[in-house]
> 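Got a structure here, written out as C-alpha cells. Questions coming.
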There are 2 protein chains.
Amino acid sequence: MSTASLVFSGGGPVSEATRGKVLTAAAELDYAGPDPRARSLRRGRSGVIAVVIEERVIDAFRDPVAIAFLDGIGQEISDSGAALLLVPDAGGGHTSLESAAMDAVVLVGCSPHVDRAVQTARRRGVPVVSLGGTPFADVPAVELDDREATATLAGHLRDLGHRRVATVTLPLGPERRRDRLTAEAVAAATVRTAVERLAGARSVFPDMDGVVAASSRVEEGRVAGRELLAAPDRPTAVLAQSDLLAAGVILAAEELGLSVPGDLSVVGFDGIRIDTVVPHDLTTMVQPAADQGRAAAALAIARIDGQDVASEHFRSEFHRGGTTAPPRG
Amino acid sequence: MSTASLVFSGGGPVSEATRGKVLTAAAELDYAGPDPRARSLRRGRSGVIAVVIEERVIDAFRDPVAIAFLDGIGQEISDSGAALLLVPDAGGGHTSLESAAMDAVVLVGCSPHVDRAVQTARRRGVPVVSLGGTPFADVPAVELDDREATATLAGHLRDLGHRRVATVTLPLGPERRRDRLTAEAVAAATVRTAVERLAGARSVFPDMDGVVAASSRVEEGRVAGRELLAAPDRPTAVLAQSDLLAAGVILAAEELGLSVPGDLSVVGFDGIRIDTVVPHDLTTMVQPAADQGRAAAALAIARIDGQDVASEHFRSEFHRGGTTAPPRG
DNA sequence: CTGTTAGCGCATTCAC
DNA sequence: GTGAATGCGCTAACAG
C-alpha cells in the first residue's frame with residue numbers, strides 16, 4: 001500500500017478519509033512511523049549531518065565560540081528537519097566518520113586531523129563544508145575577516161599611542177605546546193585563524209613579539225601574560241587572539257599589581273561573554289558565531305541538494321570596552 | 001559474495017589471499033566500505049546512540065557539568081564503535097528523536113519535556129537511559145547522592161558554627177523563573193536534583209530560607225546573592241546548589257564589601273573548575289561527571305544488547321576549599 | 001573456506 | 001485517488 005507511505009511522507013494526493021483510516025490503523029498497531037533505516041536505504045539519504053569537532057568533547061567545548069558554532073549549526077539542522085551527529089575527531093582509531101550514515105559533514109575549527117577527515121569524507125562521497133578552519137580545495141568554507149579585524153584592534157592600540165605591543169596567539173599548528181613566537185614557529189604555522197590574526201596585527205606592528213598559547217583558555221593566557229609582563233621592557237598593551245586568553249592576561253596583570261587599563265591595555269577576540277570575569281568589559285572584536293554556524297549548516301544542506309555553493313565570509317565588529325586606554329606617561 | 005562482507009565486518013574465516021584480493025578490488029573501485037544505510041537495515045541496528053539534551057545547545061552547554069557528562073558519554077560511545085546523535089529537545093515541533101535512526105537514547109539532565117521524550121522513544125521501541133534527571137518507570141538511571149552530599153556540606157557549615165544559613169537552589173520545575181523559596185514552590189517541585197539537594201540541606205537546617213535560581217549560571221547566583229545579602233538579618237553562610245551559582249554569590253558578596261570567607265561562607269556543588277574565578281578555591285562536593293556519562297552510555301549499550309540493567313549510583317566527594325570559615329564574632 | 005540466495009522495510013513506478 | 005510490483009545494498013543462513 002503506497003498510500004500509507006504517502007501519508008507519512010507528508011505530501012501526496014490522499015483523500016482526507018483514507019488519510020484518517022491510515023492514521024487510525026497506525027495508532028492501533030502502534031506503528032511509530034516508517035523505519036528510518038529502511039527509509040534511508042530506499043531514499044539514499046539518512047537525514048543526518050555530521051559535525052566534526054576537535055578531539056574530545058570536553059576540550060572542544062571549553063571554547064565558548066565552539067559552543068556558539070554548534071548552537072547555530074544545531075538550529076539550522078533542526079529547522080531543516082535533519083539530525084546532528086556529533087563526531088569528536090580523536091585522531092587515531094576508528095571514528096564514526098568512517099562508518100556512520102551521514103549525508104554531509106561540517107568541519108568545525110581546525111583539529112590536527114582535519115585533512116584525514118576530509119579524505120575520509122571524500123572517499124565516502126560525502127560533501128564537506130568547513131567552519132573556522134583551514135581552507136581545503138573543494139571544501140566550501142565559512143570564514144571570518146580575521147586579518148582585517150585584528151588590524152582594527154591593532155590600529156585602535158596604535159591610535160591610543162601604544163608602541164610596545166605584544167601578542168598571545170592561538171596554537172599555530174597541530175602540536176599544542178606553549179612557545180615563544182619565533183620566526184620558525186610562524187613559518188611552520190598551519191592554523192588559518194591564528195595566522196590571519198597574526199598577519200593583521202603585524203600589518204600595524206610589524207615586529208610584534210609574543211607568545212604562542214597551547215590552547216584558548218584563561219589559564220593559558222595567564223601563564224602567557226606572566227611571561228610577557230615579566231620581560232624587562234614590558235609591553236604597554238597586549239593583543240590576545242581570543243577573549244579567554246585576554247582574560248588570562250588581565251588576571252596575570254592584576255597578580256603583578258598592574259592595573260588594566262591604567263598600566264596595561266588588553267584586547268581580545270571573539271566577543272563572548274565571560275560572565276565570571278564580570279568587572280571587565282573587554283575591548284574585542286565580536287564575531288557572529290551562531291550565524292556562522294547556521295551558515296555552515298545551510299551550505300551543507302545545499303550541497304546535499306546537489307547545489308554548487310561558494311564560501312561565505314562574515315565580518316566581526318569592533319567593541320570598545322574598558323580594557324584599553326592610552327599608555328601611562 | 002559474502003566473503004567481501006566478512007572482510008569488511010572484521011572477523012570471519014577468510015584466507016589471507018582472498019582477503020587481499022577483496023581489499024585490492026575495493027581499492028580499485030574505490031569502494032569505501034559497506035553502505036551504512038543498507039547495513040543498518042539488514043542488521044536491524046544503526047550503531048547510533050541519541051543523547052537528548054535540554055533545549056538549545058548553547059543553554060545546555062553553559063553548564064560545565066553537562067559538558068563533562070557529554071564527554072563521558074562520547075568516550076564510551078566512541079570506544080564501543082558507535083556514533084553519537086545530539087538531539088536538542090526544543091519541546092515543540094519535530095525532533096530528530098522522532099525520525100532519526102537510533103538504537104538507544106540517553107536523556108541528560110531534566111529538560112521540561114523529558115516525559116514526552118520518553119514516550120516518543122517508547123513508541124519507537126528504543127531503550128532509554130537517564131542521567132542526572134527525573135526518574136521514570138522502566139528507565140534505568142545514573143544517579144548521584146545529592147541528598148547525602150548536600151547534607152555533608154550543610155553539616156560542614158553547622159560544625160563551623162553557622163546557624164543563619166540560606167540557600168540558592170537550582171530551578172525546581174519546568175518554568176525557569178527566579179523566585180523566593182516558598183513552601184508552595186517546594187511542593188510543586190519536579191526536578192529531582194534540586195529537590196534532593198534541598199532535602200539534604202534541610203536535614204541539617206530544617207527551616208532554611210533561600211532563593212530559587214532561574215538557571216545554573218554565575219549571573220543568576222550574583223542576583224540571588226544580592227537578594228539574600230540585602231536582607232536585614234543576613235545569613236553568615238550560603239549554600240548554593242551549583243558551583244556556578246556559588247561563584248555568583250561570592251561576586252555579590254564582594255560587591256557589597258563582604259569578604260569571603262571572613263564575613264560570609266559559601267559552598268557550591270559539582271566540583272567543576274571555574275578557572276576564571278581563580279583566587280577562589282570553592283568548598284564543594286565534587287561529582288564524577290565524566291564517569292557518570294560513561295556509565296550512562298554503558299547502560300544504554302547494555303540495553304541494546306538486550307541485557308536487563310539496573311540503575312547506578314555515584315558518590316560525590318567533599319572538597320574543603322577556602323570559602324568556608326567560622327562565622328565572625 | 002567460498003559462492004549462492006533471500007529478504008530487511010520502505011518509496012517509487014506503473015497500472016487501475 | 002489507490003493497490004501491486006520492484007529493488008535500494010547489504011548480511012545471515014545455507015550449500016558446496
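Model, not experiment: these values are computed from the prediction. Lettering follows sequence order; numbering is per chain, from 1. When reading the values below, keep in mind they use all heavy atoms of this one structure, side chains included, and skip hydrogens, waters and symmetry mates.
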> Rounded to the nearest Å, what distance is computed from the CG atom of residue B/Leu6 to the C1' atom of nucleotide C/dC1?
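Rounded to the whole Å, the gap is 10 Å.
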> Between the side chain of A/Asp63 and the main-chain N/O of A/Val65, is any donor-acceptor distance below 3.5 Å?
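Such a contact is found between A/Asp63 side chain and A/Val65 backbone.
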> Does a donor on one side chain sit under 3.5 Å from an acceptor on the other, for A/Ser46 and A/Asp103?
yes
> D/dC8 P sits how many Å from A/Asp103 CG, rounded?
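My rounded result for the distance is 19 Å.
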> Output the rounded distance in Å from CZ (A/Arg43) to P (D/dC8).
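Going from CZ in A/Arg43 over to P in D/dC8 covers 18 Å.
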> From CZ of A/Arg39 over to P of C/dG9, roughly how many Å is that when rounded to an integer?
15 Å
> Rounded to whole Å, please give me the gap between CG in B/Asp35 and P in C/dG9.
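From B/Asp35 CG to C/dG9 P: 17 Å.
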> CG of B/Asp305: more than 12 outside heavy atoms within 6.0 angstrom?
yes
> Roughly, in whole Å, what's the span from CZ in B/Arg42 to P in C/dA6?
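Going from CZ in B/Arg42 over to P in C/dA6 covers 13 Å.
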> Look at the side chain of A/Pro34 and decide which nucleotide, out of C/dT12, D/dG9, C/dC10, has an atom nearest to it.
C/dC10
> Among D/dC8, D/dG9, D/dT11, which is the nearest nucleotide to the side chain of B/Ala38?
D/dG9
> Using atom CZ of A/Arg124 as one end and atom P of D/dG9 as the other, report the distance to the nearest whole Å.
14 Å
> Please state how far atom CZ in A/Arg45 lies from atom P in C/dC10, giving the value in whole angstrom units.
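These atoms are roughly 20 Å apart.
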> Decide yes or no for A/Phe136 and A/Leu107: does some side-chain heavy atom of the first lie under 4.5 Å from some side-chain heavy atom of the second?
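A side-chain contact under 4.5 Å is absent here.
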> Side chain of B/Leu41 only, heavy atoms from C-beta on: which candidate in D/dG9, C/dC10, D/dA12 is closest?
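Looking only at heavy atoms from C-beta outward on B/Leu41, the closest nucleotide is D/dG9.
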